[in-house]
Amino acid sequence: DRDTDKKRIEELLEENMVLEIAQKQSMNESAHLGWELEQLSKSTDLADTRKSFVFELNECASSRILKLEKDNQSLQNTIQELRDASLTSRESSLKFVELEKENQQLSKKIEKLQNQIEKEKQSNQDLETLSEELIKDKEQLQVVMETLKADKDRQVQ
């Protein structure tokens, strides 16, 4: 009985060791599966991030395309307006020639007026100088007059 019990204990110990090894392997596999799951979730998050990034890029590209289409439409309208304007370009060129002649005449008048202004400035400066000289002469004459008055008063006394 003892021998069978010992064999039974040894078998149970072996079985226990096998179960412990299996448990460790299971735990390792579980840890590995957890790690893989974590990696998958990260890659899923990454994929979601990429998807949202791609979505944002698409939105940005779409808005740029719309803006460029608006700009293109605006340019097309401008081209059409210029084409319409070029039909009347003969009239415009005649008006341009007339306006150019008028501009030249006005430029000549402006030049004459500027010359007159310069002459008037010079004349004003000359008058100012003359005025200053006359004021000095007046002051000198007043001094002379006061002196003469004083002399006359002395002679009278």
Side-chain angles (χ1 to χ4, degrees), residues 7-146:
K7 282 183 182 179
R8 182 72 183 141
I9 290 175
E10 286 177 7
E11 286 174 3
L12 287 174
L13 284 174
E14 276 182 19
E15 196 175 325
N16 191 16
M17 285 178 24
V18 168
L19 287 174
E20 283 179 9
I21 291 172
Q23 182 185 11
K24 285 182 183 179
Q25 285 178 346
S26 175
M27 288 176 68
N28 285 341
E29 285 178 4
S30 180
H32 184 71
L33 287 174
W35 179 81
E36 284 182 356
L37 183 62
E38 194 174 62
Q39 294 304 314
L40 276 175
S41 71
K42 284 182 182 177
S43 67
T44 309
D45 289 346
L46 212 73
D48 289 344
T49 304
R50 285 183 186 162
K51 285 179 186 176
S52 67
F53 182 70
V54 168
F55 179 75
E56 286 180 23
L57 281 178
N58 286 338
E59 288 292 322
C60 184
S62 296
S63 67
R64 284 189 61 158
I65 287 171
L66 287 174
K67 184 178 182 235
L68 289 173
E69 285 177 353
K70 276 186 176 181
D71 290 345
N72 188 24
Q73 186 65 36
S74 172
L75 290 173
Q76 290 293 339
N77 290 338
T78 304
I79 288 171
Q80 187 59 41
E81 288 172 8
L82 290 173
R83 284 183 183 155
D84 294 341
S86 71
L87 294 175
T88 60
S89 66
R90 289 182 186 154
E91 296 170 5
S92 297
S93 63
L94 290 175
K95 285 182 182 179
F96 180 76
V97 169
E98 289 175 22
L99 290 173
E100 192 65 36
K101 286 179 184 177
E102 188 177 340
N103 188 24
Q104 288 175 355
Q105 290 173 352
L106 289 174
S107 295
K108 288 178 183 178
K109 286 182 182 180
I110 288 172
E111 192 175 316
K112 286 179 184 178
L113 288 172
Q114 284 176 339
N115 287 336
Q116 277 182 334
I117 289 172
E118 286 298 319
K119 287 178 183 176
E120 286 182 16
K121 281 182 181 178
Q122 186 61 41
S123 174
N124 282 342
Q125 285 179 349
D126 291 345
L127 286 174
E128 263 185 58
T129 305
L130 183 61
S131 174
E132 288 173 2
E133 288 174 4
L134 286 174
I135 289 172
K136 286 180 184 177
D137 286 346
K138 179 183 170 190
E139 289 172 354
Q140 287 176 352
L141 285 175
Q142 282 178 344
V143 169
V144 168
M145 212 166 97
E146 287 175 12

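- How far CD1 of Ile21 is from CG of Asn16: 10.0 Å, rounded to the nearest 0.5 Å.
- Residues Glu15 and Val18 fail the side-chain proximity criterion, which asks for heavy atoms closer than 4.5 Å.
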Could you go through Gln140 and Val143, starting from their C-alpha distance and side-chain angles, then the distance that decides it, and tell me whether this counts as side chain to side chain contact (heavy atoms under 4.5 Å, CB included)?
CA-CA 5 Å; Gln140 287 176 352; Val143 169; 5.6 Å; no
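- A side-chain donor-acceptor contact under 3.5 Å links Thr78 to the backbone of Ser74.
- Distance check, rounded to the nearest 0.5 Å: CD of Gln76 to CD of Glu69 gives 12.0 Å.
- Residues Glu98 and Lys101 are not paired through a salt bridge, judged by the lack of any N-O separation under 4.0 Å between the basic side chain and the carboxylate.
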Donor-acceptor contacts under 3.5 Å from residues 30-38 side chains, at least two apart:
{"residue": "His32", "atom": "NE2", "partner": "Glu36", "partner atom": "OE2", "Å": "2.8"}

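- Summarising the local packing, CD of Glu100 is surrounded by more than 12 heavy atoms from other residues, nucleotides or ligands at distances under 6.0 Å.
- In terms of modelled atom types and a separation under 3.5 Å, the side chain of Ser107 and the main chain of Asn103 share a donor-acceptor contact.
- A distance of 12.0 Å separates CE in Met27 from CD in Glu29, rounded to the nearest 0.5 Å.
- One finds the CD atom of Glu128 at 6.5 Å from the CD atom of Glu132 (value rounded to the nearest 0.5 Å).
- Two residues are said to be in side-chain contact when any heavy atoms from C-beta on lie closer than 4.5 Å; Met17 and Leu13 fail this criterion.
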Could you go through the salt bridge (charged side-chain N to carboxylate O under 4.0 Å, His left out) check for Lys136 and Glu133 one step at a time?
CA-CA 5 Å; Lys136 286 180 184 177; Glu133 288 174 4; over 6 Å; no
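- Rounding to the nearest 0.5 Å places CZ of Arg8 at 6.0 Å from CD of Glu11.
- Within the 3.5 Å criterion, the main-chain N or O of Gln125 finds a donor-acceptor partner in the side chain of Thr129.
- In this structure, Gln73 and Asn77 have side chains that are in contact, with non-hydrogen atoms separated by less than 4.5 Å.
- A side-chain donor from one of Asp126 and Gln122 sits under 3.5 Å from a side-chain acceptor of the other.
- Remark: Leu19 CG to Gln23 CD distance equals 8.5 Å, nearest 0.5 Å.
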